[in-house]
Student: 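Shown below is the structure under consideration.
Heavy atoms only: backbone and side chains are in, while hydrogens, waters and symmetry mates are out. What you see is a predicted model, and the numbers here were worked out from it, not measured in a lab. Proteins come first, then strands; the chains are lettered A, B, ... in the order of their sequence lines, and each starts at number 1.
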Number of protein chains: 2
Amino acid sequence: MRLSRTAVLTAAVALADEQGVGGLNMRTLAEDLGVVPMALYKHVSSKEDLLDGMVDVVVAEIDPPLEGQEWRATVRSRVLSARTVLQRHRWARQVLETRTTRTPAVLAYTDSFIGMFLDRGFSVDLTHHVMHALGSRMWGFTQELFDAPETPAGDAAADSASAGSAPPDAARLEAMARRFPNVLRIAMAAAHDDGVVGRGCDDQYEFEFALDLLLDGIEGLHARGWTSART
Amino acid sequence: MRLSRTAVLTAAVALADEQGVGGLNMRTLAEDLGVVPMALYKHVSSKEDLLDGMVDVVVAEIDPPLEGQEWRATVRSRVLSARTVLQRHRWARQVLETRTTRTPAVLAYTDSFIGMFLDRGFSVDLTHHVMHALGSRMWGFTQELFDAPETPAGDAAADSASAGSAPPDAARLEAMARRFPNVLRIAMAAAHDDGVVGRGCDDQYEFEFALDLLLDGIEGLHARGWTSART
DNA sequence: ACCTGAACACCGTTCAAGT
DNA sequence: ACCTGAACACCGTTCAAGT
């Protein structure tokens, strides 16, 4: 089969889906495509360009905005759509965070996102600040502090690695409890919920909690015609 | 002078402050210390360990919480203190985001942060969700979508790089306006404020806008004794 | 026009010495 | 106990060919 940019990007996305960004390099990507590393450079100009293209592939999977709905439902469902996409491609968050240029596809998504507010009566001023407040939530993620950024690779040692360096024996746990009592209380509260529905920290719940907190705030500002004191 | 872990970490932080994470590698770090690369490995076990140690240096610079103040003032000023520290060390955000293990110093900061809520009457349940909602804001940063993650290195081509690939001539601008009209409206609104105080997007203003939006929401939940429906 | 092969520069790190 | 020197494995990419 003839090589093409699309073929390269698709293979790269598939590879990253399996191995994470850490496992993605020009040599193994070329091997997956049955080609020598340098062949890739006819279709992507550099690894940066490859990563930009991969982001474009991901962005294309996000649903278009709802039509004929009020702003809150439209924004909310779009963010949650982005979230499911970003969770299908777990490497995308990290890659998105390190991009230094915005590709047209990324700009188009941003533009359409902003349009959901402007087209439904938000002022440019408020929309501007709202976009800042949402930040990366527009992609359906937040920087989480409790879970590890990336699982090293395809090895099954993932859980022991995320737990720290050594297995948590009783002495270790007690030492933890003495040094970081507040962390422990929060961790126990999360573990406590396990009994009912079999989940610890429900990331989806937490994401929507924070999202709705922001949407509530935004709704209030919009309703009372808020403007920044800067104009 | 005798090499020590502290000396290595201090030099690494200084190097990263100047060059960014991109410019930080074991060879140039060793050179800065007047030593051969392998000498570093007596004091840090790997580059990961080096980065962990550098984060610890940064965390140590964050002010302790205020005493005898209500929760909101305490949390707010602590977050803003973290923000000034993180802005002194612009590489720290990126490094923090890629850590897979929490060092004791990071856990201690987290614990103390949680304590600001618990010690002032917040329920464990609400505090848990609040911590998720704040996310990386507890370090004083949000993932910004409009500005570039890292300036490549010490070269003066920073502004032209952040602007994109080519200089924005009139034709380019008009094409942008047609494709991404909403992005343009927001950008113009931000530029418009320039006349008054000489700033475009004021990151500090935007950060506090989002922070206060969240704090308002949290205050409301706390005041009416909110609990998650999960218990 | 597209792909190949060999090679270069750079980086984290191992290993066997040195003092 | 601490530092050195040479070397290895891995990676992005240039360059000069091949078809």
Student: For A:Asp52, which of A:Lys47, A:Arg99, A:Arg102 qualifies under salt bridge (Lys or Arg N to Asp or Glu O under 4.0 Å)?
Tutor: A:Arg99
Student: When the distance from CG of B:Leu24 to C1' of C:dC10 is rounded to whole Å, what number comes out?
Tutor: 14 Å
Student: To the nearest Å, how far apart are B:Leu15 CG and C:dC11 C1'?
Tutor: 14 Å
Student: Write down the distance between CG (B:Leu40) and C1' (D:dT4), rounded to a whole number of angstrom.
Tutor: 12 Å
Student: List for me each residue that meets side-chain hydrogen bond (donor to acceptor under 3.5 Å, both in side chains) alongside B:Asp17, sequence neighbours excluded, and say none if there are none.
Tutor: B:His89, B:Trp91
Student: Rounded to whole Å, please give me the gap between CD in B:Glu31 and P in D:dG5.
Tutor: 14 Å
Student: Is a side-chain N or O of B:Arg90 found less than 3.5 angstrom from the main chain of B:Leu86, in a donor-acceptor match?
Tutor: no
Student: Sequence neighbours left out, what passes side-chain hydrogen bond (donor to acceptor under 3.5 Å, both in side chains) with B:Thr28? Give chain and number order.
Tutor: B:Asn25
Student: Which residues pass the side-chain hydrogen bond (donor to acceptor under 3.5 Å, both in side chains) test with B:Thr103, sequence neighbours left out?
Tutor: B:Asp56
Student: Let me have a per-nucleotide readout for nucleotides 13-19 of chain C, 5' to 3', with B, S or -, counting only protein heavy atoms under 4.0 Å.
Tutor: BBB----
Student: Among C:dC2, C:dT4, C:dG12, which nucleotide has an atom closest to any side-chain atom of B:Asn25?
Tutor: C:dG12
Student: Going by the ring pair (Phe, Tyr, Trp, His ring centres under 6.0 Å) test, name the single residue among B:His128, B:His132, B:His129 that passes it with A:Phe209.
Tutor: B:His129
Student: For DNA chain C, write out the stems as range with range, using runs of 3 or more consecutive Watson-Crick or G-U pairs with both distances under 3.5 Å.
Tutor: C:4-8 with D:12-16, C:12-16 with D:4-8
Student: Name all residues meeting the side-chain hydrogen bond (donor to acceptor under 3.5 Å, both in side chains) criterion together with B:Arg5; count only those two or more places apart in sequence or in a different chain, and write none if there are none.
Tutor: B:Asp49
Student: Compare all side-chain heavy atoms of A:Arg83 with those of A:Arg137 and state whether any distance is below 4.5 angstrom.
Tutor: no
